[in-house]
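Scroll down for the structure; my scribbles are underneath it.
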2 protein chains.
Amino acid sequence: MARKTGSHSEITGPKVREAALSLFAQHGFAAVSMRQIAAKVGVQAGALYLYTKDKQSLLYDLMQAHMDELLAAWADEPKGDSALSRLEAFARFHIRFHLERPDAVFIAYMELRNLSDENFAAVEALRRRYEGELEAILRAGQAEGAITAPDVRLTTMALIAMLTGVNTWYREGGRLSRDAVADIYWDMVRGAVGA
Amino acid sequence: MARKTGSHSEITGPKVREAALSLFAQHGFAAVSMRQIAAKVGVQAGALYLYTKDKQSLLYDLMQAHMDELLAAWADEPKGDSALSRLEAFARFHIRFHLERPDAVFIAYMELRNLSDENFAAVEALRRRYEGELEAILRAGQAEGAITAPDVRLTTMALIAMLTGVNTWYREGGRLSRDAVADIYWDMVRGAVGA
DNA sequence: TTGATAACTGAACGCTCGTTCAAATCAAAC
DNA sequence: GTTTGATTTGAACGAGCGTTCAGTTATCAA
């Protein structure tokens, strides 16, 4: 008689994704083999195909899951009423969220090239939705006269680049706490938009 | 009788590097094969080894050459006397230099993981030298009371991330000219450091 | 204990990789 | 036309790739 749904597979499946995330972030999608992922999980390569259609799907699923989680978490984030308080909420949220999952962030930005055209389009659309959130805040701020942004689109991309850059240098246990880091970034964002 | 030094090789050599740069930027180091690079040049893979020791050296040489050029160009850039005018010179220089060579910039930031430890250390040192240039400007600005940067190191990395992000969205022939782009970025940089 | 199914193994398949190198071709000088 | 060195070809080598699947093992309920 069949076992109940999910038994061993509910352990191995997440392990496959964790191993893939870690190895893709460390070495890059194309440089990591399915055999290496399997070895990290403790199975043979053939077993991976019980949990992912193929290597490309594995990457795509990781990237899509990250973007979905980012958008959902932002949607749930308490925001203020004014554009400026929403901008502050965005900056602090972005820093916190990105520092909490460095591997997923890294993959989300570095591995776009390794996605097939169809998968790339899907992930790109999610990225644009997230960028759109900040862009809407900036437009509202402009309308409220609270900020200055000669080109809102450019400002959006520049701020996201600056905020996302936190992952390239931040080390846990370094000189600055996460809150101090968020404070400084917020000050810079506020200054950058003339608020 | 032997041909004089440098004849056909002075054509093929640069072509190998150009093809490698373009393909590495487009697809990533690990995803591009020596056969593909050779095909783009119009030779067979075996011919590449007349111009590069191996695949790893090809990447390293491209990245090192880019960093050397960046540092040399910055050293030659006219700067002002005050920290603020040097900061403006840096911001405008960074935008211009990075927009002029998108493939090299892309590789310089994206392919660090694919460098061997020794090569990584060498390129990382060059990156730190460039970051050090901005950091020195910010420290001088702080000392002159011209800017505010609670943590100069963080501010350095944040500004470089913001400026380098220009390559992720800028399209030649888009809505904004390069000068307009540089203007906006400079305004944001100035605002970010409270000047 | 038995039988059924889930989960995994291990090897095969066709393919491609980076690199090497003997042979071939090209081109300049005489 | 010949000689010589530069440059390239083309195939081989050993290794590894992603993926498949028949067979095996583990697990569970009856």
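We name chains A, B, ... by the order of the sequence lines, and we start the count at 1 in each one.
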Worksheet item: Less than 4.0 Å between a side-chain N and a carboxylate O, is that true for B:Glu69 and B:Arg101?
Response: yes

Worksheet item: What distance separates A:Met188 CE from A:Leu159 CG, expressed to the nearest 0.5 Å?
Response: 10.0 Å

Worksheet entry | Residues touching DNA chain C, which here means a heavy atom under 4.0 Å, drawn from residues 37-51 of chain B | B:Ala45, B:Gly46, B:Tyr49

Worksheet item: What is the distance, rounded to the nearest whole Å, between atom CE of B:Met34 and atom C1' of D:dG10?
Response: 16 Å

Discussion item. Using a 4.0 Å cut-off on heavy atoms, which residues in residues 22-32 of chain A reach DNA chain D? List them by number, or say none.
Written reply: A:Val32

Practice prompt. To the nearest Å, give me how far apart CG (B:Asp54) and C1' (C:dT20) are.
Written response: 13 Å

Worksheet entry | Ion pair check, B:Asp81 and B:Arg86, cut-off under 4.0 Å | no

Discussion item. When you group the ILVMFWY residues by side-chain heavy-atom contacts below 4.5 Å and let the links chain together, are A:Leu176 and B:Val152 in the same group?
Written reply: yes

Discussion item. Under 3.5 Å, is there any donor-acceptor pair linking the side chain of A:Arg35 to the base of D:dG16?
Written reply: no

Fill in: Whole-Å gap separating P (C:dG18) and NZ (B:Lys55)
4 Å

Worksheet item: Whole Å only: how far is the CG atom of B:Leu59 from the C1' atom of C:dG18?
Response: 15 Å

Item to complete: Flag the pair B:Arg129 and B:Glu133 as a salt bridge only when some basic side-chain nitrogen lies within less than 4.0 angstrom of an acidic carboxylate oxygen.
Response: no

Worksheet item: With sequence neighbours left out, what residues match A:Arg113 under salt bridge (charged side-chain N to carboxylate O under 4.0 Å, His left out)?
Response: B:Glu111

Worksheet item: Tell me: CD1 of A:Ile11 to P of D:dA26, nearest whole Å?
Response: 16 Å

Discussion item. For the NZ atom on B:Lys79, are there more than 12 heavy atoms of other groups (residues, nucleotides or ligands in this structure) within a distance under 6.0 Å?
Written reply: yes

Worksheet item: Roughly, in whole Å, what's the span from CD in A:Gln36 to C1' in D:dG16?
Response: 10 Å

Worksheet item: With a 4.0 Å cut-off, would you call B:Glu18 and B:Lys15 a salt bridge?
Response: no

